[in-house]
Amino acid sequence: MTIRAVVRGVGHYLPARVVPNAEFAARIDTSDEWIKSRSGIERRHFAAEGELTSDLATHAARAALADAGIDAGALDAIIVATSTPDLTFPSVATMVQAKLGMTRGFAFDVQAVCAGFVYALTTANALIAAGQAARILVIGAETFSRLMDWDDRSTSVLFGDGAGALVLEGQPGAGTSADRGVLATDLNSDGRFQDLLYVDGGTSTGTTGHLRMQGKEVFRHAIEKLAETAHRSLEKAGLSADDVDWIVPHQANLRIITGTAQKMGVPMNRVVVTVQDHGNTSAASIPLALSVGRARGQIKPGDLIVTEAIGGGLAWGSVVLRW
Ligand code: UT7
(Lines give C-alpha, C1' and ligand atoms only; values in the text may rest on other atoms or scores of the structure.)
Protein backbone atom coordinates (compact mmCIF):
# COMPACT_ATOMS: atom_id res chain seq x y z
CA MET A 1 0.00 0.00 0.00
CA THR A 2 1.19 3.52 -0.83
CA ILE A 3 -0.05 6.66 0.90
CA ARG A 4 -1.05 9.21 -1.73
CA ALA A 5 -1.70 12.93 -1.16
CA VAL A 6 -5.18 13.23 -2.68
CA VAL A 7 -7.04 16.48 -3.41
CA ARG A 8 -10.08 16.51 -1.13
CA GLY A 9 -11.15 20.11 -1.66
CA VAL A 10 -10.34 23.18 -3.78
CA GLY A 11 -11.29 26.85 -3.62
CA HIS A 12 -10.21 30.32 -4.66
CA TYR A 13 -10.70 34.00 -4.00
CA LEU A 14 -10.31 37.04 -6.22
CA PRO A 15 -10.49 40.62 -4.90
CA ALA A 16 -13.60 42.52 -6.04
CA ARG A 17 -11.85 45.20 -8.11
CA VAL A 18 -11.40 44.20 -11.77
CA VAL A 19 -8.93 46.28 -13.76
CA PRO A 20 -9.28 46.06 -17.56
CA ASN A 21 -6.35 46.82 -19.89
CA ALA A 22 -8.02 50.10 -20.85
CA GLU A 23 -7.23 51.52 -17.37
CA PHE A 24 -3.49 51.22 -18.12
CA ALA A 25 -3.87 52.62 -21.64
CA ALA A 26 -5.46 55.74 -20.12
CA ARG A 27 -2.43 56.32 -17.85
CA ILE A 28 0.76 55.03 -19.52
CA ASP A 29 2.07 54.49 -23.06
CA THR A 30 0.45 51.12 -23.75
CA SER A 31 -2.67 49.68 -25.40
CA ASP A 32 -5.22 46.93 -24.91
CA GLU A 33 -4.00 45.51 -28.23
CA TRP A 34 -0.32 45.33 -27.10
CA ILE A 35 -1.12 43.74 -23.74
CA LYS A 36 -3.55 41.21 -25.27
CA SER A 37 -1.37 40.21 -28.20
CA ARG A 38 1.92 39.93 -26.22
CA SER A 39 0.56 38.32 -23.05
CA GLY A 40 -3.07 37.19 -23.54
CA ILE A 41 -4.10 39.28 -20.53
CA GLU A 42 -7.38 41.22 -20.76
CA ARG A 43 -8.06 42.07 -17.11
CA ARG A 44 -6.77 41.35 -13.60
CA HIS A 45 -8.01 41.80 -10.01
CA PHE A 46 -6.36 44.18 -7.53
CA ALA A 47 -6.75 43.93 -3.76
CA ALA A 48 -8.46 46.83 -2.00
CA GLU A 49 -6.49 49.13 0.29
CA GLY A 50 -5.94 47.26 3.54
CA GLU A 51 -6.80 43.89 1.96
CA LEU A 52 -3.68 41.79 2.53
CA THR A 53 -2.25 38.51 1.23
CA SER A 54 -3.36 36.73 4.41
CA ASP A 55 -6.94 37.96 3.82
CA LEU A 56 -6.98 36.58 0.26
CA ALA A 57 -5.40 33.34 1.49
CA THR A 58 -7.99 32.94 4.27
CA HIS A 59 -10.92 33.44 1.86
CA ALA A 60 -9.50 30.77 -0.49
CA ALA A 61 -8.80 28.48 2.50
CA ARG A 62 -12.39 28.73 3.72
CA ALA A 63 -13.67 27.89 0.22
CA ALA A 64 -11.39 24.83 0.00
CA LEU A 65 -12.33 23.63 3.49
CA ALA A 66 -16.04 23.98 2.67
CA ASP A 67 -15.49 22.05 -0.57
CA ALA A 68 -13.67 19.31 1.39
CA GLY A 69 -16.45 19.26 4.00
CA ILE A 70 -14.04 19.61 6.93
CA ASP A 71 -13.16 22.42 9.33
CA ALA A 72 -9.75 23.82 10.14
CA GLY A 73 -9.48 21.71 13.29
CA ALA A 74 -9.11 18.63 11.10
CA LEU A 75 -5.91 19.99 9.49
CA ASP A 76 -2.40 19.03 10.56
CA ALA A 77 -0.61 21.77 8.64
CA ILE A 78 -0.93 24.87 6.46
CA ILE A 79 1.62 25.75 3.78
CA VAL A 80 1.33 29.08 1.98
CA ALA A 81 3.26 29.78 -1.20
CA THR A 82 3.80 33.53 -1.45
CA SER A 83 6.38 36.20 -2.28
CA THR A 84 4.16 39.01 -0.99
CA PRO A 85 3.77 38.35 2.76
CA ASP A 86 1.88 40.93 4.86
CA LEU A 87 5.05 41.35 6.95
CA THR A 88 8.61 40.02 6.62
CA PHE A 89 7.62 37.68 9.43
CA PRO A 90 5.71 35.88 10.86
CA SER A 91 4.63 33.74 7.96
CA VAL A 92 1.33 34.30 6.15
CA ALA A 93 0.58 30.66 6.97
CA THR A 94 0.55 31.34 10.74
CA MET A 95 -1.70 34.38 10.12
CA VAL A 96 -4.12 32.16 8.17
CA GLN A 97 -3.90 29.55 10.96
CA ALA A 98 -5.02 32.18 13.50
CA LYS A 99 -7.79 33.55 11.22
CA LEU A 100 -9.15 30.03 10.76
CA GLY A 101 -9.09 29.43 14.54
CA MET A 102 -6.71 26.48 14.20
CA THR A 103 -4.67 26.09 17.38
CA ARG A 104 -2.77 22.85 16.75
CA GLY A 105 -0.50 21.56 13.97
CA PHE A 106 2.08 23.71 12.17
CA ALA A 107 2.16 26.38 9.48
CA PHE A 108 4.89 27.88 7.30
CA ASP A 109 5.48 29.74 4.03
CA VAL A 110 7.32 28.61 0.93
CA GLN A 111 8.97 31.25 -1.25
CA ALA A 112 9.76 30.20 -4.80
CA VAL A 113 7.99 33.11 -6.55
CA CYS A 114 5.90 31.94 -9.54
CA ALA A 115 6.98 28.32 -8.95
CA GLY A 116 5.90 28.61 -5.31
CA PHE A 117 2.76 26.50 -5.56
CA VAL A 118 4.59 23.63 -7.26
CA TYR A 119 7.21 23.79 -4.48
CA ALA A 120 4.51 23.91 -1.75
CA LEU A 121 2.59 21.01 -3.28
CA THR A 122 5.79 18.97 -3.51
CA THR A 123 6.60 19.74 0.14
CA ALA A 124 3.08 18.85 1.30
CA ASN A 125 3.18 15.61 -0.68
CA ALA A 126 6.51 14.67 0.93
CA LEU A 127 5.17 15.40 4.45
CA ILE A 128 2.09 13.26 3.82
CA ALA A 129 4.12 10.43 2.26
CA ALA A 130 6.49 10.51 5.27
CA GLY A 131 3.58 10.24 7.71
CA GLN A 132 4.28 13.69 9.22
CA ALA A 133 0.77 14.98 8.44
CA ALA A 134 -2.50 13.48 7.24
CA ARG A 135 -4.26 16.65 6.03
CA ILE A 136 -2.53 19.75 4.71
CA LEU A 137 -4.04 22.97 3.41
CA VAL A 138 -1.82 24.20 0.57
CA ILE A 139 -2.43 27.80 -0.48
CA GLY A 140 -1.00 30.08 -3.16
CA ALA A 141 -1.74 33.73 -2.35
CA GLU A 142 -0.28 36.96 -3.74
CA THR A 143 -0.76 40.72 -3.87
CA PHE A 144 1.75 41.53 -6.64
CA SER A 145 -0.04 44.87 -7.21
CA ARG A 146 1.95 46.05 -4.16
CA LEU A 147 5.29 45.34 -5.90
CA MET A 148 4.59 47.22 -9.12
CA ASP A 149 6.46 50.24 -10.41
CA TRP A 150 3.44 51.91 -12.03
CA ASP A 151 5.67 53.86 -14.44
CA ASP A 152 7.19 50.64 -15.84
CA ARG A 153 4.90 49.55 -18.68
CA SER A 154 6.90 46.38 -19.30
CA THR A 155 5.85 44.89 -15.91
CA SER A 156 2.91 46.82 -14.40
CA VAL A 157 0.39 45.56 -16.99
CA LEU A 158 1.20 41.88 -16.40
CA PHE A 159 0.44 41.06 -12.76
CA GLY A 160 -2.65 40.62 -10.60
CA ASP A 161 -3.79 39.59 -7.10
CA GLY A 162 -5.60 36.44 -5.97
CA ALA A 163 -5.47 33.20 -4.01
CA GLY A 164 -6.25 29.52 -4.48
CA ALA A 165 -6.15 26.58 -2.07
CA LEU A 166 -6.21 22.79 -1.99
CA VAL A 167 -6.95 20.44 0.89
CA LEU A 168 -4.62 17.45 0.50
CA GLU A 169 -5.36 14.26 2.40
CA GLY A 170 -3.31 11.09 2.75
CA GLN A 171 -5.28 8.16 1.33
CA PRO A 172 -4.18 4.61 0.54
CA GLY A 173 -3.33 3.85 -3.08
CA ALA A 174 -2.17 0.77 -4.96
CA GLY A 175 1.15 2.40 -5.85
CA THR A 176 0.32 2.57 -9.56
CA SER A 177 -0.22 5.50 -11.91
CA ALA A 178 -3.96 4.76 -11.77
CA ASP A 179 -4.04 6.00 -8.14
CA ARG A 180 -5.68 9.29 -7.27
CA GLY A 181 -3.39 11.95 -5.77
CA VAL A 182 0.12 13.23 -6.41
CA LEU A 183 1.99 10.73 -8.60
CA ALA A 184 5.29 12.52 -9.26
CA THR A 185 7.06 15.84 -8.71
CA ASP A 186 10.10 17.59 -10.16
CA LEU A 187 11.80 20.72 -8.76
CA ASN A 188 14.65 22.78 -10.23
CA SER A 189 16.40 26.10 -9.70
CA ASP A 190 19.42 27.92 -11.09
CA GLY A 191 20.50 30.97 -9.11
CA ARG A 192 22.79 32.19 -11.88
CA PHE A 193 19.66 33.74 -13.43
CA GLN A 194 18.54 35.76 -10.39
CA ASP A 195 18.99 39.09 -12.21
CA LEU A 196 16.31 38.23 -14.79
CA LEU A 197 13.43 38.63 -12.32
CA TYR A 198 13.70 40.09 -8.83
CA VAL A 199 12.35 42.69 -6.40
CA ASP A 200 14.81 45.50 -5.65
CA GLY A 201 13.98 45.69 -1.95
CA GLY A 202 14.43 43.78 1.29
CA THR A 203 16.75 43.93 4.29
CA SER A 204 19.52 45.22 2.01
CA THR A 205 17.54 48.41 1.26
CA GLY A 206 15.05 48.76 4.09
CA THR A 207 12.20 49.04 1.57
CA THR A 208 9.71 46.59 0.06
CA GLY A 209 10.98 47.43 -3.42
CA HIS A 210 9.59 46.98 -6.92
CA LEU A 211 9.51 44.05 -9.33
CA ARG A 212 12.14 44.19 -12.09
CA MET A 213 12.07 41.78 -15.01
CA GLN A 214 13.93 41.14 -18.23
CA GLY A 215 10.78 39.68 -19.79
CA LYS A 216 12.30 38.58 -23.08
CA GLU A 217 15.08 36.66 -21.28
CA VAL A 218 12.63 34.93 -18.92
CA PHE A 219 10.50 34.05 -21.93
CA ARG A 220 13.55 32.53 -23.64
CA HIS A 221 14.05 30.08 -20.74
CA ALA A 222 10.39 29.36 -20.03
CA ILE A 223 9.05 27.05 -22.75
CA GLU A 224 12.09 24.78 -22.86
CA LYS A 225 12.41 24.41 -19.07
CA LEU A 226 8.65 23.93 -18.55
CA ALA A 227 8.29 21.26 -21.23
CA GLU A 228 11.40 19.51 -19.89
CA THR A 229 10.22 19.41 -16.25
CA ALA A 230 6.71 18.28 -17.26
CA HIS A 231 8.23 15.51 -19.34
CA ARG A 232 10.46 14.49 -16.41
CA SER A 233 7.64 14.22 -13.86
CA LEU A 234 5.44 12.31 -16.33
CA GLU A 235 8.34 9.93 -16.88
CA LYS A 236 8.79 9.49 -13.09
CA ALA A 237 5.06 8.59 -12.89
CA GLY A 238 5.45 6.08 -15.74
CA LEU A 239 3.15 8.14 -17.97
CA SER A 240 3.43 10.17 -21.16
CA ALA A 241 1.89 13.34 -22.59
CA ASP A 242 -0.78 11.18 -24.30
CA ASP A 243 -2.12 10.27 -20.84
CA VAL A 244 -2.63 13.92 -19.83
CA ASP A 245 -6.23 15.13 -19.49
CA TRP A 246 -5.31 18.69 -18.44
CA ILE A 247 -2.21 20.80 -18.34
CA VAL A 248 -2.82 23.39 -15.62
CA PRO A 249 0.11 25.74 -16.20
CA HIS A 250 1.33 28.80 -14.34
CA GLN A 251 -0.54 31.64 -15.99
CA ALA A 252 2.09 34.24 -16.95
CA ASN A 253 1.72 34.59 -20.70
CA LEU A 254 -0.59 32.89 -23.20
CA ARG A 255 2.32 32.54 -25.66
CA ILE A 256 4.34 30.60 -23.05
CA ILE A 257 1.30 28.43 -22.24
CA THR A 258 0.64 27.56 -25.91
CA GLY A 259 4.34 27.12 -26.72
CA THR A 260 4.81 24.70 -23.81
CA ALA A 261 1.68 22.68 -24.70
CA GLN A 262 2.87 22.50 -28.32
CA LYS A 263 6.35 21.33 -27.27
CA MET A 264 4.71 18.65 -25.08
CA GLY A 265 2.41 17.61 -27.94
CA VAL A 266 -0.79 18.36 -25.99
CA PRO A 267 -3.59 20.21 -27.85
CA MET A 268 -4.90 23.48 -26.39
CA ASN A 269 -8.35 21.97 -25.71
CA ARG A 270 -6.59 20.07 -22.91
CA VAL A 271 -5.08 23.17 -21.27
CA VAL A 272 -6.80 25.22 -18.55
CA VAL A 273 -6.30 28.90 -19.40
CA THR A 274 -7.24 31.73 -17.02
CA VAL A 275 -4.51 34.29 -17.78
CA GLN A 276 -6.98 36.48 -19.71
CA ASP A 277 -9.01 37.09 -16.53
CA HIS A 278 -6.37 37.00 -13.76
CA GLY A 279 -3.09 38.22 -15.27
CA ASN A 280 0.01 36.74 -13.65
CA THR A 281 -0.82 36.03 -9.99
CA SER A 282 2.54 34.30 -9.34
CA ALA A 283 2.18 31.46 -6.78
CA ALA A 284 -1.61 31.84 -6.78
CA SER A 285 -2.08 31.16 -10.48
CA ILE A 286 -2.05 27.33 -10.45
CA PRO A 287 -4.48 26.78 -7.54
CA LEU A 288 -6.69 29.53 -9.01
CA ALA A 289 -6.68 27.73 -12.37
CA LEU A 290 -7.38 24.37 -10.69
CA SER A 291 -10.37 25.84 -8.85
CA VAL A 292 -11.72 27.71 -11.88
CA GLY A 293 -11.10 24.66 -14.13
CA ARG A 294 -13.09 22.47 -11.75
CA ALA A 295 -15.90 25.09 -11.50
CA ARG A 296 -16.06 25.31 -15.32
CA GLY A 297 -16.58 21.52 -15.45
CA GLN A 298 -13.23 20.98 -17.21
CA ILE A 299 -11.48 19.05 -14.40
CA LYS A 300 -13.27 15.90 -13.23
CA PRO A 301 -12.45 13.14 -10.71
CA GLY A 302 -9.91 10.71 -12.16
CA ASP A 303 -8.43 13.24 -14.62
CA LEU A 304 -4.65 13.22 -15.01
CA ILE A 305 -3.27 16.73 -14.45
CA VAL A 306 0.18 18.20 -15.04
CA THR A 307 0.97 21.53 -13.39
CA GLU A 308 4.13 23.42 -14.35
CA ALA A 309 5.60 26.80 -13.40
CA ILE A 310 8.72 28.96 -13.72
CA GLY A 311 9.68 32.26 -12.12
CA GLY A 312 12.26 34.28 -10.22
CA GLY A 313 15.36 32.42 -9.18
CA LEU A 314 15.08 31.05 -11.74
CA ALA A 315 13.00 28.35 -10.03
CA TRP A 316 10.80 25.92 -11.91
CA GLY A 317 9.09 22.57 -11.57
CA SER A 318 6.06 20.39 -12.17
CA VAL A 319 3.64 18.05 -10.42
CA VAL A 320 1.67 15.15 -11.94
CA LEU A 321 -1.49 14.32 -10.04
CA ARG A 322 -4.71 12.43 -10.60
CA TRP A 323 -7.73 14.48 -9.49
O1 UT7 B 1 5.68 34.52 -14.00
C2 UT7 B 1 7.04 34.75 -13.92
C3 UT7 B 1 7.70 34.55 -15.20
N4 UT7 B 1 7.52 35.68 -16.06
C5 UT7 B 1 7.19 35.47 -17.32
O6 UT7 B 1 6.96 34.34 -17.69
C7 UT7 B 1 7.21 36.62 -18.26
C8 UT7 B 1 7.93 36.23 -19.50
N9 UT7 B 1 8.00 37.28 -20.51
C10 UT7 B 1 6.91 37.71 -21.18
O11 UT7 B 1 5.81 37.32 -20.89
C12 UT7 B 1 7.13 38.66 -22.33
O13 UT7 B 1 8.50 38.78 -22.59
C14 UT7 B 1 6.53 40.08 -22.11
C15 UT7 B 1 5.01 40.01 -22.17
C16 UT7 B 1 6.99 40.61 -20.76
C17 UT7 B 1 6.99 41.03 -23.19
O18 UT7 B 1 6.71 40.52 -24.48
P19 UT7 B 1 7.81 40.54 -25.64
O20 UT7 B 1 7.17 40.08 -26.87
O21 UT7 B 1 8.99 39.76 -25.12
O22 UT7 B 1 8.11 42.07 -25.78
P23 UT7 B 1 9.50 42.87 -25.56
O24 UT7 B 1 9.84 42.91 -24.11
O25 UT7 B 1 10.51 42.36 -26.52
O26 UT7 B 1 9.07 44.31 -26.01
C27 UT7 B 1 8.71 44.60 -27.35
C28 UT7 B 1 8.44 46.08 -27.46
C29 UT7 B 1 9.54 46.94 -26.87
O30 UT7 B 1 9.68 48.06 -27.71
P31 UT7 B 1 10.90 48.15 -28.77
O32 UT7 B 1 12.14 48.04 -27.94
O33 UT7 B 1 10.70 46.96 -29.69
O34 UT7 B 1 10.69 49.48 -29.41
C35 UT7 B 1 8.99 47.37 -25.56
O36 UT7 B 1 9.50 48.64 -25.13
O37 UT7 B 1 7.26 46.42 -26.73
C38 UT7 B 1 7.52 47.50 -25.84
N39 UT7 B 1 6.69 47.38 -24.67
C40 UT7 B 1 5.42 47.82 -24.63
N41 UT7 B 1 4.66 48.46 -25.53
C42 UT7 B 1 3.40 48.77 -25.18
C43 UT7 B 1 6.98 46.78 -23.48
N44 UT7 B 1 5.91 46.84 -22.66
C45 UT7 B 1 4.94 47.49 -23.35
C46 UT7 B 1 3.61 47.85 -23.05
N47 UT7 B 1 2.89 48.47 -24.01
N48 UT7 B 1 3.03 47.55 -21.85
Side-chain angles (χ1 to χ4, degrees), residues 19-44 81-84 111-120 140-145 147-162 164 188-191 193-199 210-230 247-261 263 271 273-276 278-289 307-318:
V19 179
N21 290 346
E23 265 193 45
F24 290 91
R27 216 166 29 80
I28 52 174
D29 183 15
T30 189
S31 64
D32 177 44
E33 164 57 23
W34 190 94
I35 301 169
K36 246 193 322 217
S37 64
R38 297 297 177 118
S39 72
I41 297 165
E42 296 174 31
R43 59 193 71 82
R44 74 288 287 143
T82 190
S83 299
T84 44
Q111 204 272 62
V113 204
C114 297
F117 194 77
V118 166
Y119 273 63
E142 302 278 20
T143 48
F144 262 53
S145 64
L147 297 178
M148 290 302 116
D149 171 352
W150 298 112
D151 295 328
D152 179 2
R153 66 176 183 171
S154 72
T155 55
S156 61
V157 302
L158 299 174
F159 293 88
D161 303 337
N188 311 268
S189 63
D190 190 338
F193 299 115
Q194 59 189 271
D195 291 347
L196 300 188
L197 177 50
Y198 64 98
V199 171
H210 293 119
L211 182 145
R212 307 292 174 202
M213 178 166 74
Q214 296 178 42
K216 221 181 189 48
E217 284 305 303
V218 177
F219 195 107
R220 213 169 52 76
H221 287 278
I223 294 172
E224 186 127 335
K225 287 184 163 55
L226 290 171
E228 200 176 83
T229 178
I247 300 178
V248 183
H250 169 48
Q251 312 278 325
N253 186 315
L254 185 59
R255 290 185 294 143
I256 295 174
I257 293 171
T258 53
T260 305
K263 205 168 175 75
V271 183
V273 180
T274 57
V275 69
Q276 69 282 2
H278 302 165
N280 182 347
T281 59
S282 188
S285 90
I286 286 174
L288 262 166
T307 64
E308 30 87 347
I310 187 166
L314 293 174
W316 68 102
S318 59

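Whatever order the structure lists ligands and atoms in, that order sets their numbers, starting from 1.
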Electrostatic pair Arg212:Asp149 at N-O distance under 4.0 angstrom: yes

One thing to verify: whether Glu228 and Lys225 come together as a salt bridge, which I'm taking to mean a side-chain N less than 4.0 angstrom from a carboxylate O.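 The answer is no: the pair does not qualify as a salt bridge.
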
Thr84 and Glu142: side-chain donor and acceptor closer than 3.5 Å?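 On atom types as modelled, these side chains qualify, holding a pair under 3.5 Å.
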
Rounded to the nearest 0.5 Å, what separation is found between the CD atom of Gln276 and the CD1 atom of Ile35? 14.5 Å

I need the Leu196 CG to Lys216 NZ distance, nearest 0.5 Å. 13.5 Å

Please find the pair of heavy atoms, one from Ala141 and one from Thr82, that lie closest to each other, and give the distance. O-OG1, 2.7 Å

What are the atom names and distances for all N or O pairs under 3.5 Å between ligand 1 and the protein?
unit_1: ligand 1; atom_1: 1 (O); unit_2: His250; atom_2: NE2; d: 2.8
unit_1: ligand 1; atom_1: 1 (O); unit_2: Asn280; atom_2: ND2; d: 2.6
unit_1: ligand 1; atom_1: 9 (N); unit_2: Gly215; atom_2: O; d: 3.0
unit_1: ligand 1; atom_1: 11 (O); unit_2: Asn253; atom_2: ND2; d: 2.6
unit_1: ligand 1; atom_1: 13 (O); unit_2: Gly215; atom_2: O; d: 3.2
unit_1: ligand 1; atom_1: 18 (O); unit_2: Arg255; atom_2: NH2; d: 3.3
unit_1: ligand 1; atom_1: 20 (O); unit_2: Arg38; atom_2: NH1; d: 2.9
unit_1: ligand 1; atom_1: 20 (O); unit_2: Arg255; atom_2: NH2; d: 2.9
unit_1: ligand 1; atom_1: 22 (O); unit_2: Arg38; atom_2: NH1; d: 3.3
unit_1: ligand 1; atom_1: 25 (O); unit_2: Lys216; atom_2: NZ; d: 2.7
unit_1: ligand 1; atom_1: 36 (O); unit_2: Arg153; atom_2: NH2; d: 3.1
unit_1: ligand 1; atom_1: 37 (O); unit_2: Trp34; atom_2: NE1; d: 3.2
unit_1: ligand 1; atom_1: 41 (N); unit_2: Trp34; atom_2: NE1; d: 3.3
unit_1: ligand 1; atom_1: 41 (N); unit_2: Arg153; atom_2: NH1; d: 3.4
unit_1: ligand 1; atom_1: 47 (N); unit_2: Thr30; atom_2: OG1; d: 2.6
unit_1: ligand 1; atom_1: 48 (N); unit_2: Thr30; atom_2: OG1; d: 3.0
unit_1: ligand 1; atom_1: 48 (N); unit_2: Arg153; atom_2: O; d: 2.9

